[in-house]
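Fair warning: this is a prediction, and the values are worked out from it, not measured in the lab.
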Amino acid sequence: MTAPLFELRGVAKYFRGKTTLAERILALAGRRQPPATLRAVDGVDLTVAKGEVLGLVGESGCGKSTLARIATGILAPTAGEVFYQGRAVAGLRGRDRLDYLLKVQMIFQDPYASLDPRMRVSRIVGEALAVHKLLPRREIDGAVDRALREVGLDLAYRDRYPHQFSGGQRQRIGIARALAVKPDFLVCDEPVSALDVSIQAQVINLFMDVRARHGLTYLFVSHDLGLVRHISDRVAIMYLGRIVEIGPAASVFADPAHPYSAALIKAIPSAARRKAGFEPLQGELPSPLAPPPGCPFHPRCDHAMPACREIRPELAEIAPGRSAACHLHTAPKVA
Amino acid sequence: MNDDRLAGPILADTPLREKVLRRLRNRPTTRGAAILLGVLVLLALLAPLIAPQNPYDLAALSVMDNRLAPGEQGMAGLRFWLGSDAQGRDMLSAILYGLRTSLLVGLISTLGALVVGVTAGLVAAQFGGAIDALMMRVVDFMLGFPSILIALVLLASIGRGVDKVILAIVLVQWAQYARLMRAAALVERRKEYIEAAVNFGLPTRYIMFVHLLPNSIGSVLVVSTVSIASAITLEATLSFLGVGVPVTQPSLGLLIANGFEFLLSGEYWIAVFPGLALVALIMSLNIVGDRLRRSLNVRA
């Protein structure tokens, strides 16, 4: 494998609940309560090789979107480091930081909120080029047209406003906006989940087209396992702020190593298998404000052992290129 | 499978401005108020051209003409349609010029308060934390006092004058805009297009003024139309109390104050006509502003 294009090392993001004035007064009176800490992302290691598509899968609220925002530099991690082309992102300043921000572009989930409603399409797509003076003024129009043509939007629409477009068209505008600054890594945060199914396929095909044309690398966040299996080279399964399994898509889907992955994959609807019954995963995702001790999945796991309630399994290699965080594969060290 | 690449834009391009104007026109009360407001603004603008007398020019006044009843003719042959005051000043001319002063003070002070309040609210929403907390406590402090009290104290210490009244009204009114702007900007700031702008490494100041400001100022602008009326009322109150505009440049409020002492001796016109003009101005502004607020509400 070539050197990773992008790497996360021990990345965590905690959100601290705001202390209200009343709580602060109580704290002064000696009734100090620790502020609630939401562990949205809790120690994630991840590498992305140049040119690959890494699918990131998990339930709603498991921290996928937060991880995507850390990867693109929109949020700063509470702990851990982000590396882009071998350089720590946190240390980048000025031109270098801008270069990283532009090379790692985000595609957003909600095409209705991700475009400024008061800007024309041409301005939205060409904004970064103009503000950062990446191109001389007279060349920006041409670059905008190229980006619009690339995502299959009629140039006649370049002076319209976002509200005049359908969801699929808006998502194309969002892709054109990212492509305009010539990125090499796209972080897609559920880019098609807000679209109609018929439109989803077109937008996915567009993603694959531009990838082939520009040799792009993708981190593709989704809760749609079928989609992730279809487009990913590797897949990472996330649960409650952590990665519980990662490996080549084909082998993870064929033979999941973590009970959570197994449960998710079993739940994929399939026309060929004609499943008679459907066994949903038991229980709810525990609150990230108070994650269970030990393995975060143990309250819902069929294979939970006593050790699972106490010792948290770390992500460990179980086969070449495959890792899982489960005591079924790594005997827990006896404390 | 329908190809969304070929499908045209799905929404017809009816500008919001046109929709709002249409809704405004369809109401007889609003239409009446709008016409009245237009006439008053026009009268104020054209005052120097249409007023029978220049009320500021002391040489043109004759004390012999003092306290003439409406319709009476003065010594120089000028007819005083709305009567004259104790200095022999034609009330019609004084009201036209007073309308000018009142509107000028109302508009400039509202504009000033808007600029200060919107900037403050935007900064508070953008930076949050201690800056936000500090600014909002200042806003709470300002809104906690009756506005007339703040203005009175300020004017009592710096003296009267058109510029000083404007300053006082700006000081009293900026806080409500700051609070409104902060709330709107906080909502808008959470949307993904702002995150996209951060992702593009756009400067914070650029994001604030190019993305956040135009998308959150709508409600503030609408409230400001109603606030012009309260600015004018406040100016009139201050002038009536004798701390507002100078006697040489009377506003409607000061004219009412001047006529007040003659009210009980039967010379009602000196106070009542400027009062009616003020009521007409405030009412038309309020009706139009209120209607505007309701028409701009998308859900209405």
Side-chain angles (χ1 to χ4, degrees), chain A residues 21 69 72-75 97-102 104-119 123-124 127-129 131-132 151-154 156-157 160-172 174 177-178 180-181 187 189 195-199 201-203 206, chain B residues 1-19 124-125 128-134 136-137 140 184-219 221 296 298:
Chain A
L21 187 64
R69 278 164 176 73
T72 48
I74 293 172
L75 290 176
R97 174 155 175 86
L98 180 63
D99 196 50
Y100 149 71
L101 285 174
L102 296 181
V104 181
Q105 275 299 309
M106 177 121 170
I107 306 292
F108 292 91
Q109 174 174 15
D110 182 358
Y112 291 84
S114 60
L115 307 174
D116 187 328
R118 284 176 189 266
M119 280 193 179
R123 177 79 195 278
I124 290 173
E127 187 180 26
L129 297 175
V131 174
H132 293 309
V151 299
L153 275 173
D154 197 316
Y157 297 162
R160 295 192 184 249
Y161 288 95
H163 75 264
Q164 297 171 298
F165 293 91
S166 68
Q169 289 172 320
R170 287 188 213 202
Q171 203 56 294
R172 287 174 193 275
R177 171 174 65 183
V181 296
V187 176
D189 181 21
L195 306 179
D196 289 349
V197 176
S198 61
I199 308 295
Q202 295 170 16
V203 174
L206 174 63
Chain B
M1 197 199 257
N2 67 328
D3 193 329
D4 78 317
R5 245 180 292 194
L6 302 177
I10 47 169
L11 283 166
D13 188 12
T14 316
L16 181 69
R17 204 183 309 141
E18 208 156 287
K19 272 189 264 183
I131 297 176
D132 183 22
L134 185 73
M136 284 307 115
R137 291 304 79 74
D140 288 344
L186 277 180
V187 171
E188 212 55 41
R189 221 170 77 83
R190 256 171 251 161
K191 297 201 174 154
E192 287 181 342
Y193 70 88
I194 299 292
E195 290 188 302
V198 173
N199 190 198
F200 280 108
L202 301 179
T204 306
R205 211 181 307 158
Y206 177 89
I207 296 175
M208 276 169 69
F209 287 100
V210 178
H211 287 288
L212 208 48
L213 177 71
N215 281 299
S216 32
I217 202 170
S219 54
L221 283 182
L296 280 170
V298 202

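In this structure, the portion of L115(A) lying under 4.5 Å from any heavy atom of chain B is its backbone and not its side chain. Residue R69(A) touches chain B through its side chain alone, counting heavy-atom pairs closer than 4.5 Å. The contact between Y206(B) and chain A is made entirely by side chain atoms (from C-beta outward), counting heavy-atom distances below 4.5 Å.
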Show, in sequence, the C-alpha distance, side-chain angles and deciding distance for E127(A) and H132(A), and conclude whether the side-chain hydrogen bond (donor to acceptor under 3.5 Å, both in side chains) test is met. CA-CA 8 Å; E127(A) 187 180 26; H132(A) 293 309; over 6 Å; no
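With sequence neighbours excluded, the residues forming a salt bridge (Lys or Arg N to Asp or Glu O under 4.0 Å) with R137(B) are D140(B), listed by chain and number.
Once rounded to the nearest 0.5 Å, the distance linking CG of L75(A) with OG1 of T72(A) reads 7.5 Å. Summarising the geometry, atom CD1 belonging to I194(B) is positioned 7.0 Å from atom CG belonging to D116(A); distances are rounded to the nearest 0.5 Å.
Comparing R190(B), K191(B), E188(B), E192(B) by heavy-atom pairs within less than 4.5 Å of chain A, the highest count is held by E192(B).
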